[in-house]
Amino acid sequence: MTTDSRRGALIRTIAGPDGPIHLGASDAGIVAVEQASERDRFADGLARRLRAPTEADHDAPTDDPRRGHLDRAQRILGDLLAGRPAAATVPIDLADRPEWDQRVLVAVSDIGWGETASYGEIARRIGAAGAARAVGGALGRNPVTLLIPCHRVIAADGTIGGYGGDAWGSRERALQRKRTLLHREGVTVAVRAG
């Protein structure tokens with residue numbers, strides 16, 4: 001799941017139910033998916049993160065492998081947002097992420113459609129029992145939201161937990177987005193009282 005992404009990323013913006021969704025792809029796979037942000041901010045942040053320029057996908061040759069990654073990611077996101085299991089796969093490039101984040105994100109990638117796991121369960125899966133909060137931190141830094149389904153990670157008591165850090169506006173709006181994503185997969189999760 002990890003390789004070098006020094007060439008830079010192609011970026012594409014697609015429509016989403018809560019506004020634009022921006023995607024970035026390296027030669028190795030998808031490096032970023034971000035929703036509810038401005039395209040220029042996404043492009044600038046991705047260029048800083050990868051230490052390489054970004055370019056719009058329409059500026060690249062049609063046989064550029066990065067365009068293929070973007071095409072597959074767009075189909076997967078279309079399925080997810082329409083409430084269907086993805087009919088395709090796409091490689092994910094986490095080469096620039098810290099080793100801890102990579103371990104967490106790979107484990108979360110294994111959570112299937114319509115399934116959930118707790119933060120503590122993810123910690124146990126990667127051999128770090130007791131590190132549930134650190135798992136939550138890694139999920140808050142997930143650069144490939146939706147494709148790495150952090151919305152499927154819930155609290156140990158079966159309630160919804162958190163979602164998206166402060167990146168997508170208010171906590172309530174982020175939790176509603178998580179509930180909606182889970183509902184599309186046939187999962188209903190309670191919100192913790194208080």
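What you see is a predicted model, and the numbers here were worked out from it, not measured in a lab. Values reported hereafter were calculated over all heavy atoms of this structure, with side chains retained and with hydrogens, waters and symmetry mates removed.
Side chains of Val90 and Arg75 form no contact here, defined as non-hydrogen atoms less than 4.5 Å apart. With a 4.5 Å cut-off on side-chain heavy atoms, Thr62 and Arg67 count as touching. For the pair Ser118 and Arg124, the minimum side-chain heavy-atom distance is below 4.5 Å. For the pair Leu146/Ile21, a side-chain contact is recorded, criterion being any heavy-atom separation below 4.5 Å from C-beta on. You'll find the side chain of His183 stays beyond 4.5 Å of the side chain of Val189, heavy atoms only. The closest side-chain heavy-atom distance from His151 to Tyr163 is below 4.5 Å. The shortest distance between side-chain heavy atoms of Val108 and Val135 does not fall below 4.5 Å.
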Given side-chain contact (heavy atoms from CB on, under 4.5 Å), test Asp71 with Asp57 step by step and report yes or no.
-> CA-CA 10 Å; Asp71 291 342; Asp57 69 318; 5.5 Å; no
side-chain contact (heavy atoms from CB on, under 4.5 Å) assessment of Leu105 paired with Ile92 = CA-CA 10 Å; Leu105 297 173; Ile92 304 293; over 6 Å; no
What do the steps show when you test Arg12 against His69 for side-chain contact (heavy atoms from CB on, under 4.5 Å), and what is the final call?
-> CA-CA 11 Å; Arg12 177 182 295 173; His69 298 321; over 6 Å; no
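To the nearest 0.5 Å, the span separating CG on Leu50 from CG on Asp93 amounts to 7.5 Å. Rounded to the nearest 0.5 angstrom, Leu10 CG and Leu70 CG are separated by 6.0 Å. Between the CD atom in Gln35 and the CZ atom in Arg177 there is a gap of 5.0 Å [rounded to 0.5 Å]. Here CG of Asp64 is found 6.5 Å from CG of Asp27. Values are rounded to the nearest 0.5 Å. Remark: Thr159 OG1 to Ile154 CD1 distance equals 7.5 Å, nearest 0.5 Å.
Listed by chain and residue number, Arg125 satisfy the side-chain hydrogen bond (donor to acceptor under 3.5 Å, both in side chains) test with Glu121 (two or more places apart in sequence, or in another chain). With sequence neighbours excluded, no residue satisfies salt bridge (Lys or Arg N to Asp or Glu O under 4.0 Å) with Glu38.
With hydrogens and angles ignored, the 3.5 Å screen pairs no side-chain donor or acceptor of Arg66 with any backbone N or O of Ala25.
Minimum interatomic distance between Asp79 and Ala86 (heavy atoms only, all atoms of both residues): OD2-CA, 3.5 Å. Residues Leu81 and Arg184 approach most closely at O-NE, 3.2 Å, considering heavy atoms. Annotation for Pro149 and Ser109: closest pair CD-CA, 4.0 Å, computed over non-hydrogen atoms. A pairwise comparison of heavy atoms in Gly24 and Ile11 identifies CA-CG2, 4.2 Å as the closest pair. Closest heavy-atom contact between Leu80 and Arg152: CD1-NH2, 4.4 Å. Among all heavy-atom pairs drawn from Ala131 and Trp100, the shortest one is CB-CH2, 4.0 Å.
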Run the side-chain donor-acceptor check on residues 136-144: report pairs under 3.5 Å with partners two or more places apart or on a different chain.
unit_1	atom_1	unit_2	atom_2	d
Arg141	NE	Asp101	OD2	2.9
Arg141	NH1	Gly137	O	3.2
Arg141	NH2	Asp101	OD1	2.8
Asn142	OD1	Val144	N	2.8
Asn142	ND2	Ile148	O	3.1

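No hydrogens or angles considered: a donor-acceptor pair under 3.5 Å links the side chains of Arg179 and Gln176.
Checked against Arg49 for a side chain to side chain donor-acceptor pair (under 3.5 Å), the options Asp44, Thr54, Asp96 give a single hit: Asp96.
Note on ring orientation: taking the six-membered ring where Trp is involved, the planes of His22 and Phe42 are parallel (angle under 30°, cut-offs 30° and 60°).
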